[in-house]
Amino acid sequence: MEANELLARLRKKIDSIDFEILKLINQRMEHTLRTRKLKANISDPGREQEIIASLRRRSSALIRSEFSEILFKEIISESKLLQRKDLKLIGFQGEHGAYGEVAIRIVDNSLVPIPCMEFVDVFDEVINRQLDFGIVPVENSLEGAVTQVNDLLVETDVHKIKIVGEVKIPIHHCLLASPGTDYHEIKVVYSHPQALAQCRRFLSKHRLESRPYYDTAGAAMMLSKEKPRAAAAIASKLCAELYNLDVLFEDIEDNETNATRFLILSNEESNKAGNKCSIVFSTEHKAGALFNILKIFSDAGLNLTRIESRPIRNDPGKYAFLLDFLGSDREEKVIAALEKARKETVIFKFLGCYNEAPQ
Ligand SMILES: O=C(O)C(=O)C[C@]1(C(=O)O)C=C[C@@H](O)C=C1
């Protein structure tokens, strides 16, 4: 191999390692930002000394202890700077680049997106105040309710968590591959089963084999790390940016109206007036019980935007209803209707009042 070619190859590897180092530093910053909520002072000199001493001991032939010390002093100083900024943290389910993170960028770009393993982790970390906000998908225009999230809303303690907003985003999938990949080489495509299903026509037209993966963004991350041959991933355009992948095709979903509505959760009630309310209730098991509750809202002239029923998981045979309607919890007619509904239901929870997402 020519020296020039070898040099280019090595530089490609160096670039890829630099990229990984930055991603790891970003992950470290996310964790250090979370420590801010658990202590009185940002600075902990004892802990800093411990870190530096331990890293100095790990120095190897190519990493001098002095270099480790300078490097990590810089990183720690940056982490303290970020902690002083009082940034607001918002959890989403999945790896970086998941559609939850795409939604966060639309809501408020100054929020710091924090990846969480499961939807329940988003709820838990908002409740225990590790995170200021959480964002969870509640329904998709093609697939309907996101059942796990609706179940968590049914079971949640409304004194500890409230819905403070919503956002609806179009879901546009892209076919992503490692830089320089010729799309003719691609044989298999990794993604979440739902994303693969939403691009069925595209996959069959291009004779591509579907490989289910735990997460769309996880598939993109795997491509960038492991660089499997002849493989691509279906994920957001944001993933291309975050994982340094090429966008081979955009908008490959079979149905262009594909959209997901996300709820924004907080451990504090919103102090802004909203125009939409969400409640959860269950009724007695008798004829007309649900009708009577719906009639309260109809008599008050309140327009319902959604009703969803979910089995109550710890009480087999019983159902909870998730109901959204247009109106503010500061309006007399809404206050009266909610009071009436509270009296005529078995379980009754007010999930929050917030602004309806533009349709
Ligand atoms: O462990 C903490 O409390 C942190 O905030 C993290 C960290 C660090 O970046 O490692 C930053 C500031 C403290 O002085 C100690 C350590």
Side-chain angles (χ1 to χ4, degrees), residues 14-98 100-101 104-105 107-136 160-161 164 215 217-218 220-221 224-225 238-239 241-244 264-268:
I14 294 168
D15 289 348
S16 149
I17 291 171
D18 290 347
F19 192 72
E20 287 302 313
I21 293 173
L22 276 187
K23 270 204 307 199
L24 285 173
I25 295 178
N26 188 68
Q27 237 177 62
R28 188 184 194 282
M29 293 303 180
E30 287 171 0
H31 290 308
T32 61
L33 279 175
R34 290 166 85 159
T35 66
R36 179 68 196 98
K37 309 249 186 274
L38 306 169
K39 56 188 187 182
N41 298 318
I42 290 175
S43 209
D44 183 339
R47 168 77 180 138
E48 288 182 31
Q49 271 173 15
E50 227 173 68
I51 296 172
I52 301 290
S54 143
L55 292 167
R56 281 187 68 112
R57 281 196 300 273
R58 281 167 182 264
S59 301
S60 60
L62 294 178
I63 303 175
R64 290 176 301 113
S65 52
E66 294 79 7
F67 168 70
S68 297
E69 178 163 347
I70 294 169
L71 180 64
F72 277 88
K73 276 190 170 160
E74 274 304 314
I75 292 176
I76 293 174
S77 144
E78 185 70 12
S79 115
K80 290 194 284 189
L81 197 114
L82 286 176
Q83 289 184 54
R84 273 186 218 107
K85 282 190 174 167
D86 191 28
L87 298 164
K88 298 285 176 221
L89 311 185
I90 180 163
F92 66 96
Q93 189 273 330
E95 305 288 354
H96 275 299
E101 185 170 5
I104 294 169
R105 291 192 171 203
V107 173
D108 180 351
N109 227 347
S110 72
L111 295 169
V112 180
I114 303 286
C116 298
M117 285 280 278
E118 307 282 346
F119 292 128
V120 67
D121 301 322
V122 178
F123 277 73
D124 285 349
E125 300 217 8
V126 173
I127 289 172
N128 69 27
R129 295 179 177 265
Q130 275 270 297
L131 301 174
D132 301 282
F133 301 103
I135 194 161
V136 285
K160 294 186 180 158
I161 206 162
V164 295
D215 186 18
M221 189 168 81
S224 103
K225 260 194 198 156
L238 177 61
C239 281
E241 190 187 305
L242 297 178
Y243 299 112
N244 197 22
I264 301 159
L265 308 171
S266 167
N267 42 43
E268 276 164 28

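Order of listing sets the numbers, starting from 1, for every ligand and every atom in it. Numbering of residues begins at 1 and proceeds along the displayed sequence. Hydrogens, waters and symmetry mates play no part in the numbers below; they use all other heavy atoms, side chains included.
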Donor + acceptor pair across side chains of S110, D108 (<3.5 Å) = yes
Any salt bridge (Lys or Arg N to Asp or Glu O under 4.0 Å) pairs touching residues 114-125, not counting sequence neighbours?
-> R34-E125
Apply salt bridge (charged side-chain N to carboxylate O under 4.0 Å, His left out) to K39 and list each qualifying residue two or more places apart in sequence or on a separate chain.
-> none
Kindly say whether A98 contributes a backbone atom to a donor-acceptor pair with the side chain of D215 at under 3.5 angstrom?
-> no
Residue shell around ligand 1, heavy atom under 4.0 angstrom = R28, T32, T35, K39, I42, S43, D44, R47, E48, I51, I76, S79, K80, Q83
Shortest non-hydrogen contact from A220 to Y243?
-> CB-CD1, 3.9 Å
Name each donor-acceptor pair under 3.5 Å that joins a side chain in residues 16-27 to protein atoms two or more places apart or in another chain, with its distance.
{"from": "E20", "atom 1": "OE2", "to": "K23", "atom 2": "NZ", "distance (Å)": "3.4"}
{"from": "N26", "atom 1": "ND2", "to": "E30", "atom 2": "OE2", "distance (Å)": "3.2"}

